[in-house]
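When a ligand or atom number is given, it counts from 1 through the structure's own listing order. Just so it is clear, the model here is predicted, and its values are computed rather than measured.
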Amino acid sequence: MSITLYNVKTRTKEAFKPIDDKNIRMYVCGPTVYDRAHIGNARPVVVFDILYRLLRYTYGTDFVSYARNFTDVDDKINVKSISTGRSIREITDETIKWYIEDMTALGALEPDHAPRATEYISEMIEMSSELIEKGHAYVADGHVLFDVSSYESYGELSGRSVEDMIAGARVEIAPYKRNPMDFVLWKPSNSEQPGWESPWGFGRPGWHIECSAMARALFGEKFDIHGGGLDLQFPHHENEIAQSCACCGQDSFANVWLHNEMLQVEGKKMSKSLGNFFSVRELLNKGFSGEVIRFVYLSTHYSKPMDWTAKKAEEAEATLRKWRKLTHGCQSSKAISNEVIDALNDDLNTSKAITVLHGLAKTGDIEGLKSSAQILGLLSDHMGAWAEENTFDLSKLEKLILISRDKAMKTKEFSELDNLKKSFIAAGLDVQMSKDGIKLIKGPKFNSSKLEEFL
Ligand code: AMP
Ligand code: ZN
């Protein structure tokens, strides 16, 4: 079976046919860099990382190109710069560094291209000029606007009529627009705002044009896959399609469109006011490992809304501990299980792939488990530090508690022994006492850092 994907553009699950199987190109909209990525932002990163791995597995690592941009010109960044007194470049550099660190902690491979919008300003100016020349954009009051009425297929991706879009979206009404749906390709900047010289004066690009211009610069006018979160379907992706197809021809731009559904927390939309809004870094600092977070993401199909819950994270941690223990020291040369590949080929059915891994663990196919987990970015050697407890030697602690018991038996004073036992249990150990000795067993919540005082 070959890769099949649900193509939002055609609203059907289709067999994936590369334009050129020696040059497969995937573009995913990346973050606006003014703050730490929240856990919702990480969902597309993990989802498209799986697709990237699957494409590389299927077509060969040298024949797949993945681009994910950084939006480093945006009014939210300007606001942060003013409120903190720090330069835009300082803020965006720092946020990009954090983003790469946090996404790497989740086991995401770095894309082949990670373009910053500000490095492609001339390409955006060029594309805007072409759109004006072709009658799809106009200049008004220092702005360049895309003329939505000039592009017949506008709204096809999201399946909305222009009337619905006006009613449903927060469309910025502005006196210089011919039509309320027209969107900005270029806008003027004052001396406090970031800006570049252009045929329309000193200014900066609108958001949507950056992806069209960068995708064309990196991949040409037509490429295979375009992805992002569902919230980007309209207006962002609709606008990208309008710009690129109006500029380069109706059949240009991406063949296949994929959107991941949104992530919520404990059944509720994430929001700062509900106090359930947190960054990936906060989760990592709380002691959740990147691998555990990744596992939770993979247990829900990308096309379904996903709920982050503490319970799921606990279950994921217990499973991964078990699997890491089983595969400890295993250098597998076995091929990835066909069943895992079949599951991923079926529109990235990651939850099914995990079920297959459970089966391999259950039947004792340790090598199969180890090698098959890798295509999901799990059980890799470099991500296992959090579970090093598997190799943690308990003999010293067993001796310690044995001495304490012998002493207690003699003195009939049991409080020291009880306290020791309590501490071991709190570190996730099962303390089994018998007349022959004492055995300590690591439970699923074993945490060696709680035992440091006894070592
Ligand atoms: P932004 O920085 O807001 O442009 O978002 C970066 C990426 O995160 C985009 O692909 C969004 O679609 C995605 N995204 C934002 N919020 C969520 C969420 N709650 N769940 C899933 N994806 C999200
Ligand atoms: Zn984009």
Side-chain angles (χ1 to χ4, degrees), residues 8 26-49 51 66-77 79-80 91-92 95-96 98-100 102-103 106 108 111 113-117 120 123-124 127 157-158 183 185 205-219 223 225-244 253-254 257-272 274 276-280 283 293-294 296-298 300-308:
V8 177
M26 171 164 85
Y27 185 99
V28 175
C29 296
T32 306
V33 281
Y34 64 101
D35 208 349
R36 286 265 186 198
H38 62 65
I39 61 168
N41 298 140
R43 191 173 190 200
V45 174
V46 174
V47 165
F48 291 102
D49 181 63
L51 181 51
Y66 172 19
R68 186 183 62 214
N69 65 298
F70 287 114
T71 301
D72 63 349
V73 48
D74 184 279
D75 290 349
K76 289 197 266 305
I77 307 173
V79 169
K80 178 135 187 189
I91 293 169
T92 57
T95 315
I96 289 173
W98 285 340
Y99 186 84
I100 295 170
D102 295 350
M103 299 309 126
L106 300 184
H113 307 279
R116 295 172 74 126
Y120 288 83
E123 285 81 353
M124 296 183 218
M127 198 168 208
L157 182 74
S158 49
F183 56 90
L185 302 177
W207 170 32
H208 315 295
I209 190 74
E210 73 176 74
C211 292
S212 289
M214 289 191 281
R216 180 164 75 159
L218 294 167
F219 290 161
F223 57 96
I225 299 171
H226 194 310
L230 187 61
D231 58 326
L232 300 185
Q233 192 177 80
F234 176 80
H236 184 54
H237 288 166
E238 207 69 75
N239 294 354
E240 284 187 31
I241 292 175
Q243 294 157 168
S244 293
F253 218 40
W257 285 79
L258 261 81
H259 292 124
N260 64 275
E261 250 287 1
M262 305 304 275
L263 176 147
Q264 47 183 32
V265 174
E266 306 284 353
K268 296 201 180 74
K269 189 171 186 256
M270 258 198 309
S271 88
K272 285 196 167 135
L274 287 175
N276 65 354
F277 183 99
F278 34 86
S279 65
V280 171
L283 270 193
I293 301 171
R294 182 179 183 90
V296 174
Y297 286 175
L298 297 180
T300 303
H301 191 257
Y302 78 86
S303 66
K304 303 247 160 37
M306 180 202 143
D307 202 16
W308 171 273

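When all heavy atoms of E240 and W257 are compared, the pair lying nearest together is OE1-CH2, 4.2 Å. Heavy atoms only, all atoms of each residue included: H236 and H208 are closest at ND1-ND1, 2.9 Å. Across G229 and H259, no two heavy atoms sit closer than the pair O-CD2, 3.7 Å. Shortest non-hydrogen contact noted between M306 and Y297 is CE-CD2, 3.2 Å. The two residues V280 and A42 make their nearest non-hydrogen contact at CG2-CB, 3.8 Å. Contact record, H237 with C29: NE2-SG, 3.2 Å, taken as the closest heavy-atom pair.
Under 2.8 Å from the Zn ion (ligand 2) lies no N/O/S atom of H237, from backbone or side chain alike. The nearest N, O or S atom of E210 is not closer to the Zn ion (ligand 2) than 2.8 Å. With a cut-off of 2.8 Å, the Zn ion (ligand 2) has no N, O or S atom of H208 in range.
Contact analysis leaves M306 out of contact with ligand 1, as no non-hydrogen atom separation drops below 4.0 angstrom.
Contacts with ligand 1 closer than 4.0 Å are made by backbone heavy atoms (N, CA, C, O) of E261 only, the side chain lying farther away. With a 4.0 Å cut-off on non-hydrogen atoms, T71 does not touch ligand 1 at all. Contact annotation for C29 and ligand 1: only backbone heavy atoms (N, CA, C, O) come within less than 4.0 Å of the ligand. Residue D231 touches ligand 1 through its side chain alone, judged by heavy-atom distances below 4.0 Å.
Of the listed residues (L232, N41, D35), the one carrying the non-hydrogen atom nearest atom 3 (O) of ligand 1 is N41. For atom 23 (C) of ligand 1, the nearest non-hydrogen atom from the set G229, G40, P305 comes from G40.
Residue H236 approaches the Zn ion (ligand 2) most closely through its N/O/S atom NE2.
With a 4.5 Å cut-off on side-chain heavy atoms, L185 and Q243 count as touching. Q233 has its side chain within reach of L157: a pair of non-hydrogen atoms, C-beta onward, lies under 4.5 Å apart.
K80 NZ to D74 CG: the interatomic distance, rounded to the nearest 0.5 Å, is 12.5 Å.
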Test side-chain contact (heavy atoms from CB on, under 4.5 Å) on R68 and V45; report intermediate values, then the result. CA-CA 9 Å; R68 186 183 62 214; V45 174; 3.7 Å; yes
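What sits closest to atom 13 (C) of ligand 1 on the protein, heavy atoms only, is P44 CG, 3.8 Å. The protein non-hydrogen atom at the shortest distance from atom 17 (C) of ligand 1 is M262 CE, 3.2 Å. In this structure, the protein non-hydrogen atom closest to atom 16 (N) of ligand 1 is H38 CE1, 3.4 Å.
In terms of polar-atom proximity, P31 is not counted as a contact of ligand 1, lacking any N or O under 3.5 Å from an N or O of the ligand. Ligand 1 has no nitrogen or oxygen under 3.5 angstrom from a nitrogen or oxygen of W207. Between L230 and ligand 1, not a single N/O pair is under 3.5 Å apart. Between T32 and ligand 1, at least one N/O pair is under 3.5 Å apart.
Atoms of ligand 1 lying under 4.0 Å from any heavy atom of L263, numbered from 1 in the order shown and given with element: 18 (C), 19 (N), 20 (N), 21 (C). Annotation for ligand 1: atoms under 4.0 Å from non-hydrogen atoms of N260 are 21 (C), 22 (N).
Each of F277, W308, F278 was evaluated against H38; a single residue qualifies, F277, per the ring pair (Phe, Tyr, Trp, His ring centres under 6.0 Å) test.
F223 has its ring centre less than 6.0 Å from the ring centre of F253.
In the model, N69 has a side-chain atom that pairs as donor or acceptor with a side-chain atom of E210 under 3.5 Å.
Rounded to 10 degrees, the OE2-metal-SG angle spanning E240 and C211 at the Zn ion (ligand 2) equals 100°.
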